[in-house]
Amino acid sequence: MGTEVSTSPTSLIDQTVVPGDVVLDLSNMTNQTIKLGSGLRQDNEVISVMRAGKLRYSKPNKYWVESSHKRYVPRPEDHVLGIVVDCKGENYWIDIKGPQLALLPVLAFEGANRRNYPKFEVSTLLYTRVVKTNTGMNPELSCVDESGKAAGFGPLKDGFMFETSTGLSRMLLSSPTCPVLEALGKKLSFETAFGLNGRCWVHAAAPRIVIIVANALMNSETLSGTQQRIMVEKLLEKISD
Amino acid sequence: MEYVNPEGLRLDGRRFNEMRQIVAEVGVVSKADGSAVFEMGNTKVIAAVYGPREIQNKSQQKKNDHAVVLCEYSMAQFSTGDRRRQKFDRRSTELSLVIRQTMEACILTELMPHSQIDIFLQVLQADGGTRSACINAATLALADAGIPMRDLAVSCSAGYLNSTPLLDLNYVEDSAGGADVTVGILPKLDKVSLLQMDAKLPMETFETVFALASEGCKAIAERIREVLQENTKQLEYRRAA
């Protein structure tokens, strides 16, 4: 969303904000463009907060509220883990933990055509990409990247899926690699998929590895990098005994 | 009966403009999208919010471009001195409606079309001011769930006994037969979202009582802000440590 205002950084940057807080007053600002991310909205002459969290600013002109919740707000190009709820006509209905069910066209797979397309049972777990999120319409998903290749998208077989907060899934997908994943990856062999909607999938050869990895990831949300490494070391000590 | 002694102290030792102690905590129900416990003195309320999620009953949707807000208020059978038998009586239905309308005023329902938000409120201990406590608990739970809000909806009651305006009435004062004014405001927007009175008052007296209740609302809003800021900082501190 572009709004004609100046971008003098507000005093609330990196502070905790709650709904109703005014971030910027547009009435006394010169013509410049700012970009509003999640958690902020323009209300006449002011930019106000609509979700509790930390106000972030990135140069030159982006403002957003960083927060962690259980529900997910779909955004284009987000990678999410969805569960098949129903199949109607030419679309699969997918639960992505959002305000509405999402649509996944049966042709949105690599090499799919009207005669030959993948068939999924209800409750199948899929790794997908959000394509469209227009207001008033169900979000649209796809299992191919921009070039039409599968690129890792599609059904996730076997393994274990668990739900976390959106904040933790963002942390696990962050770059550089999250300390807990780095520490686990050095000692154990496993496969993971994280969706920005707070769903995580773990697959390994042995069930005990799946349990260790899942527990380590779930416990890591409230731990610092050092604490995460210590926790992983303790877990690995227990299984080596 | 004397509700305010010559020194200006009430039955529980408070001054006329003094509130009961407020204790609040968010994230108390693990399965809910947002939850909170709110205590005002001996009144204790738990709130759980689910949503925004796919609308369950299409017939409930009056406006197609707005989210449906559903509210259910109930009192635990052990919440009062004498054990309550009826779970949903007329009073509970009326309070559910009042709370729903108050919360609808602060939720940005237009951002979540074709979805529903469920608010469940349970009074665990009742000692006067339950509807105010419910609105405050619901606000905290909605903020915890990350539901977009215009502002924090806060509420407080005030009354008029022994020719004295009293803030935040307890059960004994509430049932004394004097006027009881419940006010709900959106503090940053400076708007009134709820105003109820259950007896007659002269206009000038009403204005005094209303002003007192509004001041109480602002104090509660400040406390709610602190709770939300504390909750956001907790994650931040742990990760940064």
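First the proteins, then the strands, lettered A, B, ... as listed; each starts at 1. The figures here come from the full heavy-atom set of this structure, side chains too, leaving out hydrogens, waters and symmetry mates.
Taking CD from A/Gln100 and CD from B/Gln116, the interatomic distance works out to 12.0 Å, rounded to the nearest 0.5 Å. Taken to the nearest 0.5 Å, the CG atom of B/Asp144 stands 9.5 Å off from the OG atom of A/Ser68.
Under a cut-off of 6.0 angstrom, the local environment of CD in A/Glu77 is crowded, with over 12 non-hydrogen atoms contributed by other residues, nucleotides or ligands. For A/Phe120, the CZ atom counts as densely surrounded, since its 6.0 Å shell holds more than 12 non-hydrogen atoms of other residues, nucleotides or ligands.
Only the side chain of A/Asn138 comes within contact range of chain B, with at least one heavy atom under 4.5 Å from a heavy atom of that chain. Residue A/Val17 does not touch chain B at all, counting heavy-atom pairs closer than 4.5 Å. With a 4.5 angstrom heavy-atom cutoff, B/Ile147 touches chain A only via backbone atoms. In this structure, chain A has heavy atoms under 4.5 Å from both the backbone and the side chain of B/Leu152.
Counting heavy atoms from C-beta outward, B/Arg150 and A/Arg41 have side chains that approach closer than 4.5 Å. Counting heavy atoms from C-beta on, the side chains of B/Lys188 and A/Asp21 come closer than 4.5 Å.
Residues from residues 211-218 of chain B never place a non-hydrogen atom less than 4.5 Å from a non-hydrogen atom of chain A.
B/Leu228 and A/Thr16 make their closest contact through O-CG2, 4.4 Å (heavy atoms, listed as atom of the first residue, atom of the second, distance). Nearest heavy-atom pair across B/Ser115 and A/Pro99 is CB-O, 3.4 Å.
One N or O on the side chain of A/Lys70 and one on the backbone of B/Ala32 form a donor-acceptor pair closer than 3.5 Å.
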